[in-house]
Enquirer: 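Take this structure, written in structure tokens, and hold onto it; I'll ask about it next.
In what follows, chains carry the letters A, B, and so on, assigned in the order in which the sequence lines appear, proteins first and then strands, with residues in each chain numbered from 1.
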Protein chains: 2
Amino acid sequence: MSKDGAGVDLDKSLGYLLKEASTALRIAMEEVLRPLGMTVTHYSCLELLAQRPGMSNSELARGAFVTRQSMNVLLQALERDGYVTRPAEAAVGKVLPAQLTPRGRQSLEEASAAVRAVEVGMLAGMTENEQESAFRALRSMVHSLRDPA
Amino acid sequence: MSKDGAGVDLDKSLGYLLKEASTALRIAMEEVLRPLGMTVTHYSCLELLAQRPGMSNSELARGAFVTRQSMNVLLQALERDGYVTRPAEAAVGKVLPAQLTPRGRQSLEEASAAVRAVEVGMLAGMTENEQESAFRALRSMVHSLRDPA
DNA sequence: CACCATATGTCAGACTTCTGACATGAGCAA
DNA sequence: TTGCTCATGTCAGAAGTCTGACATATGGTG
């Protein structure tokens with residue numbers, strides 16, 4: 001019953017393993033971010049804004065892999081708490097470019113260090129070549145999933 | 001600003017790419033499972049039960065990468081809707097072994113075929129060797145994340 | 001110009017998952 | 001036996017994310 005032709009053999013499925021790895025990473029990140037009062041999406045948003053100041057709500061949503069509605073909820077909270085600022089109205093169109101405040105930047109520094117340590121730990125025991133080929137493999141999977149042509 | 005020493009360069013981060021790939025896979029699976037009225041966790045639960053009948057709620061939770069509380073909510077719904085059966089009381093201890101009903105098995109068949117197609121598509125363009133090394137890389141990451149020693 | 005497809009920001013409600021908590025049972029050691 | 005630790009099932013409430021919907025702005029095309 002455990003490996004009949006109709007079923008998916010989870011122990012050998014790259015999809016299943018992909019989810020397993022992603023979950024392990026998320027849990028490890030939540031573990032170090034929780035003491036800082038931050039969720040993974042919360043951190044992702046700040047990190048994105050540090051790299052590309054002025055990103056809009058929709059751009060941040062795509063970068064953090066959530067819907068723009070979810071990002072909007074988060075962004076309003078970050079704005080209320082003083083981590084992020086947005087102009088009251090759009091200069092052009094409806095796009096509101098977001099910026100980190102000094103407080104946001106400082107908060108990100110602690111988080112970024114913690115997250116970087118998690119990623120370094122994740123890659124422990126892998127050679128540069130192994131990391132490179134894993135990178136290419138994941139890129140290929142993303143491309144195939146998004147463009148099934 | 002986009003690549004100062006303090007930040008994480010998301011474009012080169014394996015962690016970020018891992019989340020991207022996992023999200024792409026989840027979205028692709030949701031897309032094919034939605035017409036069947038099934039979520040990814042819902043499907044995962046049925047697939048696990050097909051491979052190992054008699055799994056308990058907690059075992060299913062670990063296998064589907066959710067908490068046992070979340071799996072309990074789902075399992076109660078699956079039981080109510082006739083996809084799964086559990087004994088009214090435990091034969092030994094508190095563990096309630098779950099089983100697929102014929103209806104659950106039939107529902108799984110359609111879903112399993114759809115999900116298998118998604119996974120095949122995801123691996124399109126990758127050689128057997130590339131898949132194998134990706135598998136080892138992900139396994140290594142999971143291990144390092146769970147056991148940071 | 002008018003029209004249409006696309007993208008954005010936002011609100012509202014529902015769904016899924018999570019954390020916290022409790023009681024119960026198994027396993028092991030003193 | 002008693003006590004301790006761990007795992008399990010479950011309930012309740014909170015948090016995060018999602019889908020659906022609407023108004024608005026842009027860009028291209030007739």
Enquirer: Holding to salt bridge (charged side-chain N to carboxylate O under 4.0 Å, His left out), I want the full list of residues that pass it with B/R86, two or more places apart in sequence or in another chain.
Expert: B/E79
Enquirer: Can you give me every donor-acceptor pair (side chain of residues 69-76 of chain A, partner residue at least two apart or in another chain, under 3.5 Å) with its distance?
Expert:
from: A/S70; atom 1: OG; to: A/T67; atom 2: OG1; distance (Å): 3.1

Enquirer: Give every pair of a protein N or O atom and an N or O atom of nucleotides 15-17 of chain C that lie under 3.5 Å apart, one pair per line with the distance.
Expert:
from: C/dT17; atom 1: OP1; to: B/T41; atom 2: OG1; distance (Å): 2.5

Enquirer: With the side chain counted from C-beta on, respond yes when A/V84 and A/L46 share a heavy-atom pair under 4.5 Å apart, and no when they do not.
Expert: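 Sidechains of A/L46 and A/V84: in contact.
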Enquirer: What is the distance from atom CE of A/M29 to atom CG of B/L145, rounded to the nearest 0.5 Å?
Expert: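 The distance works out to 10.5 Å.
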Enquirer: How does protein contact run along nucleotides 2-10 of chain D, one letter per nucleotide 5' to 3', with B for base contact, S for sugar-phosphate only, - for none, heavy atoms under 4.0 Å?
Expert: ------BBB
Enquirer: Scan B/E119, B/E47, B/R116 and name whichever one has a side-chain hydrogen bond (donor to acceptor under 3.5 Å, both in side chains) with A/S13.
Expert: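 Among the candidates, only B/E119 passes.
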Enquirer: Quiz question: by atom type and distance under 3.5 Å, do the side chains of A/T39 and A/E30 form a donor-acceptor pair?
Expert: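 No, no side-chain donor-acceptor pair sits under 3.5 Å.
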Enquirer: Distance-only check: which donor-acceptor pairs under 3.5 Å involve side-chain atoms of residues 122-129 of chain A, not counting sequence neighbours?
Expert:
from: A/T127; atom 1: OG1; to: A/N129; atom 2: N; distance (Å): 3.4
from: A/T127; atom 1: OG1; to: A/E130; atom 2: N; distance (Å): 3.0

Enquirer: Tell me which of A/R34 and B/V92 sits closer to the 5' end of DNA chain C, going by the nucleotide each one is nearest to.
Expert: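 Result of the comparison: A/R34.
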Enquirer: Got a sec, which residues hit ring-ring contact (aromatic ring centres under 6.0 Å, His included) with A/F65, two or more places apart in sequence or on another chain?
Expert: B/Y16
Enquirer: Tell me the interatomic distance from A/M71, atom CE, to D/dC18, atom C1', rounded to whole angstroms.
Expert: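 In whole Å, D/dC18 C1' and A/M71 CE are 14 Å from each other.
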Enquirer: Without decimals, in angstroms, what is the distance between A/M55 CE and C/dT8 P?
Expert: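 Distance check: A/M55 CE to C/dT8 P gives 11 Å.
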Enquirer: Can you measure A/M38 atom CE to D/dA15 atom P for me and round it to whole angstrom units?
Expert: 18 Å
